[in-house]
Amino acid sequence: MTRSGIPGLEAPDPTLEAELRSRLDEVEEALQKAVRADFDFLTEAASHLIAAGGKRFRPMLALLAAQLGDPGAPEVVRAAVVCELTHLATLYHDDVMDEAPVRRGAQSANARWGNSIAILVGDFLFARAADIVAELGPEAVRIQARTFARLVHGQIAETVGPRDIDPVGHYLHVVAEKTGSLIATSARFGAMFGGLAGREVDALARYGETMGVAFQLSDDLLDIASDSEQSGKTPGTDLREGVPTLPVLYALAGDESDAASVRLREILSAGPVTEDTVHAEALGLLRESAALKRARETVRAYAEQARMELAPLPEVPARRALESLCDFIADRTN
Ligand code: IPE
Ligand code: IPE
Ligand code: MG
Ligand code: MG
């Protein structure tokens, strides 16, 4: 995997950057070791998405948070590995649920080996994460278990839909649970095992949660606004699967009477957009819509809120790197 694409790595301080690179190498080595199984096929299937790429955003956040305390504590790398393994497991399962053919620029596990294997490999990765988190003690085990439960709640709430509550409020809640939860825990673990004070640990967890919401919302925007070259995924997957992300919800809630807005609402209100020409039309209309601009503003607002959560932390290079992640999230969809 190339390292240049990792957000946060190009830290605003060369010493910090060198330190992060070396710690990320340790994470990488530990990840590869963690997915080794007695059965070669399982090792291959579990290594598949690790080898394919990925931003290592969660490990990076754990490492950066620890930089505000004692970054050399051996638990920090283990905690970072637990977060990435948990994330990886959810990706294997999520691609089954979303019937996604491409992940990290490679064939998804479900496309390559079928749903059963993808589900079982996801389970294997959760088991490996559990094994490593056990070395970090009962509090870490409890945090990881509760994080995972929140994440599953989010995926279920997304699947069930808003029923009779406000769809935008429901979606923001889904996003906090399915994505904010693990990103919050990544920052919390880094801070905890880096030995930070309780108040700082909590501030970093709140930063992670809010950043996680911004991150997921910006990912949803990329699903509409980018090509697969940029995202490593198939554009328009949410639309095809009928996952009503923020731009879609804003478009549906709009009352503009121009022909494009009316046509967009007509397509979106009919449910999943599966027919190829209609799908291309809807993507084109969404890309030009006021709803997409509004969703970008929402991402920016969450990224700014995340930045404010850093206020109790000392003004050191790691804090500046965490702040620059806010800019990365806010800008990556433009
Ligand atoms: C993808 O997460 C799923 C979301 C929560 C948006 P990432 O965008 O961190 O995926 P990788 O790890 O870089 O592949
Ligand atoms: C990913 O959700 C969140 C989790 C894996 C928990 P999405 O379905 O929105 O993310 P992508 O677009 O497939 O990465
Ligand atoms: Mg998905
Ligand atoms: Mg999904």
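Order of appearance sets the numbers: ligands from 1, and atoms from 1 within every ligand.
Looking at E84, R56, R104 and measuring to atom 12 (O) of ligand 1, the nearest heavy atom belongs to R104. Of the candidates Q216, R103, K55, it is R103 that places a heavy atom closest to atom 1 (C) of ligand 1.
Contact annotation: D94 places an N, O or S atom under 2.8 Å from the Mg ion (ligand 3). For the Mg ion (ligand 3), the set of nearby N, O or S atoms under 2.8 Å includes one belonging to D98.
Contact atoms of ligand 1 toward T179: 5 (C) (distance under 4.0 Å to a heavy atom of the residue). Distances below 4.0 Å separate heavy atoms of D219 from the following atoms of ligand 1: 6 (C).
Residue contacts with ligand 2: D95 is placed with no nitrogen or oxygen under 3.5 Å of a nitrogen or oxygen of the ligand (distance criterion only). Considering both main-chain and side-chain atoms, T90 never comes within under 3.5 Å of ligand 2 through any nitrogen or oxygen pair.
By the criterion of a heavy-atom distance under 4.0 Å, the side chain of L151, and not its backbone, is placed next to ligand 2. Residue T237 does not touch ligand 2, judged by heavy-atom distances below 4.0 Å.
The protein heavy-atom contact nearest to atom 4 (C) of ligand 2 is Q155 NE2, 3.9 Å. Here the protein heavy atom with the shortest distance to atom 10 (O) of ligand 2 is D94 OD2, 3.8 Å. The nearest protein atom to atom 6 (C) of ligand 2, hydrogens excluded, is given as K178 O, 3.4 Å; this is a heavy-atom distance. L91 CD2, 4.1 Å is the protein heavy atom nearest to atom 3 (C) of ligand 1. Here the heavy atom of the protein found nearest to atom 14 (O) of ligand 2 is K233 NZ, 2.7 Å.
The residues D255 and R265 are annotated as not salt-bridged, no charged nitrogen and carboxylate oxygen being separated by less than 4.0 angstrom. The pair R56-E28 meets the salt-bridge criterion, with a side-chain N (NZ, NE, NH1 or NH2) lying under 4.0 Å from an Asp/Glu carboxylate O. Contact check on E309 versus R206 returns a salt bridge, with a Lys/Arg side-chain nitrogen under 4.0 Å from an Asp/Glu carboxylate oxygen. Ion pairing between a basic and an acidic side chain is recognised when a charged N comes within 4.0 Å of a carboxylate O; R150 and E209 show such pairing. Between E304 and R300, none of the side-chain N atoms (NZ, or NE/NH1/NH2) sits under 4.0 Å from a carboxylate O, so this pair counts as no salt bridge. Under the 4.0 Å criterion applied to side-chain N and carboxylate O atoms, K178 and D94 are not assigned as salt-bridge partners.
Of all the heavy atoms in V76 and A66, the pair that sits closest is CG1-CB, 3.6 Å. Considering every non-hydrogen atom in both L286 and P247, the closest pair reads CD2-O, 4.1 Å.
In this structure, a donor-acceptor pair under 3.5 Å is present between the side chains of S261 and D258.
If you look at Y92 and H87, their ring centroids are not closer than 6.0 Å.
Within the 4.0 Å heavy-atom cutoff, R58 counts among the residues contacting ligand 1.
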